[in-house]
Amino acid sequence: MSIFKSSTREIPRAAAVPRHIAIIMDGNGRWAKKRFLPRFAGHSKGVESVRDMVRACLEKGVAYLTLFAFSSENWRRPQDEVSLLMQLFVKALEQEVERLHSNGVRLRIIGDLSRFDPALQQLIRQGEERTAGNDRLTLTIAANYGGRWDILQAANRLAAEQPEKAGAWEEADLEPYLSMAYAPEPDLFIRTGGEERISNFLLWQLAYSEFYFTETLWPEFGQAALEAAITSYQKRERRFGRTSEQLESELKGNQPHA
Ligand code: IPE
Ligand code: IPE
Ligand code: MG
């Protein structure tokens, strides 16, 4: 069972530092193109930004960082780019897991992993097992992930396990089957690279997240850029369906936190 309540069922407590940041790491190809380099050079450079983000989140006390690395639609890319991305994923797992572990990071991979090479699947399992006991920061990598796939796989499992309740399922019945049931919903969603769309990322979980779009390309997105996103987040008023007046009165202590 998920220990976290849905933002559409209960009002989460909003803190100054987002507890969960989810990022669509976009713009690697354009970063490379600007430098007359092959697209792959951008993906390779993008791994450095991942390292920077993990470090920054550890320093700031962010508890969950979720990164979209490969969408279920990215298989449509040229075969050689897909295969280089897979090699990069293998290399990153081989090189980074020990460092993550020594920094107290728990690694999780979400997505339909069945389509990956068995050797890659094994590296993923090993990385998750090695870091399973850590709790400083949970780093989730979404790979061959799609928000619609996630909702469907959850619905299919719910249907198989609780057929007697069909027709009366509620949000709380579905949630434990979603890929990220172990995490609260993202407070802050960031997309780099200038596009302003979700591209089938966490559809269910982004229901009440704050969105932040930046032109900065992912290989150039560092600690200062993250600070700017968090500063923007801190200026938002998260109403979760209520009015501004209700929030003000609650801040003055006139009303209990519903
Ligand atoms: C994001 O960068 C990385 C992946 C989707 C794997 P892109 O490769 O989409 O970079 P652009 O959007 O072409 O610049
Ligand atoms: C979204 O980026 C997926 C990842 C960053 C992994 P894309 O670059 O594939 O998204 P679209 O196709 O431009 O929407
Ligand atoms: Mg892109």
Side-chain angles (χ1 to χ4, degrees), residues 20-54 57 64-96 107-117 120-121 123-124 127 139-153 178-180 183 186 188-206 209 211-222 225-226 229:
H20 183 176
I21 301 180
I23 309 182
I24 296 187
M25 312 184 283
D26 198 16
N28 294 350
R30 279 162 285 163
W31 181 89
K33 199 172 175 193
K34 276 204 311 196
R35 288 163 179 74
F36 306 102
L37 294 167
R39 292 179 58 82
F40 180 69
H43 297 315
S44 201
K45 182 77 179 161
V47 177
E48 289 177 30
S49 295
V50 172
R51 253 183 239 123
D52 288 350
M53 274 320 100
V54 170
C57 286
Y64 298 86
L65 173 65
T66 302
L67 303 174
F68 203 7
F70 192 88
S71 75
S72 41
E73 290 72 41
N74 284 145
W75 297 105
R76 295 173 182 156
R77 293 197 176 193
Q79 173 73 52
D80 59 340
E81 181 170 346
V82 169
S83 111
L84 283 166
L85 279 166
M86 293 302 143
Q87 286 172 37
L88 192 62
F89 195 12
V90 167
K91 197 171 129 200
L93 283 167
E94 284 172 348
Q95 294 182 347
E96 306 292 335
L107 177 67
R108 300 292 297 256
I109 315 294
I110 55 164
D112 181 3
L113 306 184
S114 65
R115 207 169 154 184
F116 292 138
D117 192 70
L120 176 52
Q121 290 188 40
L123 272 174
I124 289 172
L139 170 65
T140 301
I141 306 292
N144 193 19
Y145 179 87
R148 289 187 177 179
W149 164 83
D150 195 0
I151 294 168
L152 262 178
Q153 65 80 26
L178 291 166
S179 302
M180 292 209 71
L188 173 60
F189 160 87
I190 299 172
R191 182 170 186 147
T192 64
E195 311 293 357
E196 302 190 350
R197 53 178 173 252
I198 300 185
S199 298
N200 201 14
F201 194 24
L202 302 160
L203 298 179
W204 179 284
Q205 298 87 342
L206 293 174
S209 308
F211 281 40
Y212 180 85
F213 297 101
T214 172
E215 292 290 328
T216 306
L217 305 172
W218 178 249
E220 289 166 347
F221 193 86
L226 181 70

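Because the structure is predicted, anything quoted here is derived from the model rather than measured. Whatever order the structure lists them in is the order used to number ligands and atoms, beginning at 1.
- Relative to atom 5 (C) of ligand 1, the option among M25, R77, E195 with the closest non-hydrogen atom is R77.
- Using the six-membered ring where Trp is involved, F201 and Y145 have ring planes that are perpendicular, over 60° apart on the 30 and 60° scheme.
- If you check which protein heavy atom lies closest to atom 7 (P) of ligand 1, you get D26 OD1, 3.5 Å.
- F189 and F211 have tilted rings, their planes meeting at an angle from 30° to 60° on a 0 to 90° scale.
- Ligand 2 lies nowhere less than 4.0 angstrom from a heavy atom belonging to R76.
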For N74 and S71: C-alpha separation, side-chain torsions, deciding distance, then whether side chain to side chain donor-acceptor pair (under 3.5 Å) applies.
CA-CA 5 Å; N74 284 145; S71 75; 3.2 Å; yes
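- If you look at F70 next to ligand 2, the close heavy atoms, those under 4.0 Å, all belong to the backbone.
- Here is the list of ligand 2 atoms found below 4.0 Å of a heavy atom in R197: 11 (P), 13 (O), 14 (O).
- Among all heavy-atom pairs drawn from L206 and P186, the shortest one is CD2-CG, 3.9 Å.
- What sits closest to atom 2 (O) of ligand 2 on the protein, heavy atoms only, is R191 NH2, 3.7 Å.
- On a distance-only criterion, G29 and ligand 1 share at least one N/O pair closer than 3.5 Å.
- Under a 4.0 Å criterion applied to the non-hydrogen atoms of R30, ligand 1 contributes the atoms 11 (P), 12 (O), 14 (O).
- The shortest heavy-atom contact between R77 and V82 is O-CG2, 3.7 Å.
- Heavy-atom separations between G27 and ligand 1 include at least one value shorter than 4.0 Å.
- Using a cut-off of 2.8 Å, one finds that D26 contributes an N/O/S atom close to the Mg ion (ligand 3).
- Just one of I151, I110, L178, I24 meets the side-chain contact (heavy atoms from CB on, under 4.5 Å) condition when paired with L202; it is I110.
- Between the CZ atom in R108 and the CD1 atom in I124 there is a gap of 12.5 Å [rounded to 0.5 Å].
- When E81, R39, K33 are checked for heavy-atom proximity to atom 13 (O) of ligand 1, R39 turns out nearest.
- Interface atoms of ligand 2 facing I24, defined by a heavy-atom separation under 4.0 Å, are 1 (C), 5 (C).
- For G46, the heavy-atom gap to ligand 1 stays at 4.0 angstrom or more.
- Protein heavy atom in closest approach to atom 6 (C) of ligand 1: A69 O, 3.3 Å.
- Relative orientation of the Y64 and H20 rings is tilted, given thresholds of 30° and 60° on the angle between their planes.
- The protein heavy-atom contact nearest to atom 14 (O) of ligand 2 is S199 OG, 2.5 Å.
- Atoms CG and CG, from D52 and L226 in turn, are 10.0 Å apart once rounded to the nearest 0.5 Å.
- When heavy-atom distances to ligand 1 are checked against a 4.0 Å cut-off, N74 comes that close only through its side chain, counted from C-beta outward.
- The aromatic rings of F221 and W218 sit parallel, their planes meeting at an angle under 30°, below the 60° perpendicular limit.
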